[in-house]
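Worksheet for the structure shown next.
By convention here, the first residue in the shown sequence is residue 1.
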Amino acid sequence: MAKVAPFHSTKPGTSVYHDNNQCTEGNNIERSNRASGTGGHPKCSHCKRLS
């Protein structure tokens with residue numbers, strides 16, 4: 001597991017943040033659609049399992 005600074009997608013309809021570079025969902029977010037921080041969203045369930 002490798003923790004990274006929290007980030008979230010800026011695309012409409014997304015509602016979670018990511019903090020693990022092993023998360024496939026987080027890795028699928030294009031760099032141009034990433035924003036730093038949690039965005040006020042709960043942690044991704046995949047990131048939780050990887051913790």
Heavy atoms of Asn21 and Asn27 approach each other most closely as O-ND2, 3.0 Å
> Which atoms form the tightest heavy-atom contact between Val4 and Asn20, and what is the distance?
Replying inline: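 For Val4 and Asn20, the tightest heavy-atom pair comes out as CG2-N, 3.8 Å.
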Residues 36-49, side-chain donor-acceptor partners within the protein, below 3.5 Å, at least two apart:
residue, atom, partner, partner atom, Å
Thr38, OG1, Gly40, N, 3.2
Lys43, NZ, Asp19, OD2, 3.2

Applied to residues 21-39, the salt bridge (charged side-chain N to carboxylate O under 4.0 Å, His left out) test, sequence neighbours excluded, yields none
Problem - Gap separating the OG atom of Ser32 from the NZ atom of Lys11, nearest 0.5 angstrom - result: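 Output value for this atom pair is 8.0 Å.
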Cluster membership besides Val16, Ile/Leu/Val/Met/Phe/Trp/Tyr side chains within less than 4.5 angstrom, sorted by chain and number, is none
Side chain of Thr14, backbone of Ser9: donor and acceptor closer than 3.5 Å?
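Yes, because the side chain of Thr14 sits within donor-acceptor range (under 3.5 Å) of the backbone of Ser9.
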Sequence neighbours excluded, the answer for ring pair (Phe, Tyr, Trp, His ring centres under 6.0 Å) partners of Tyr17 is none
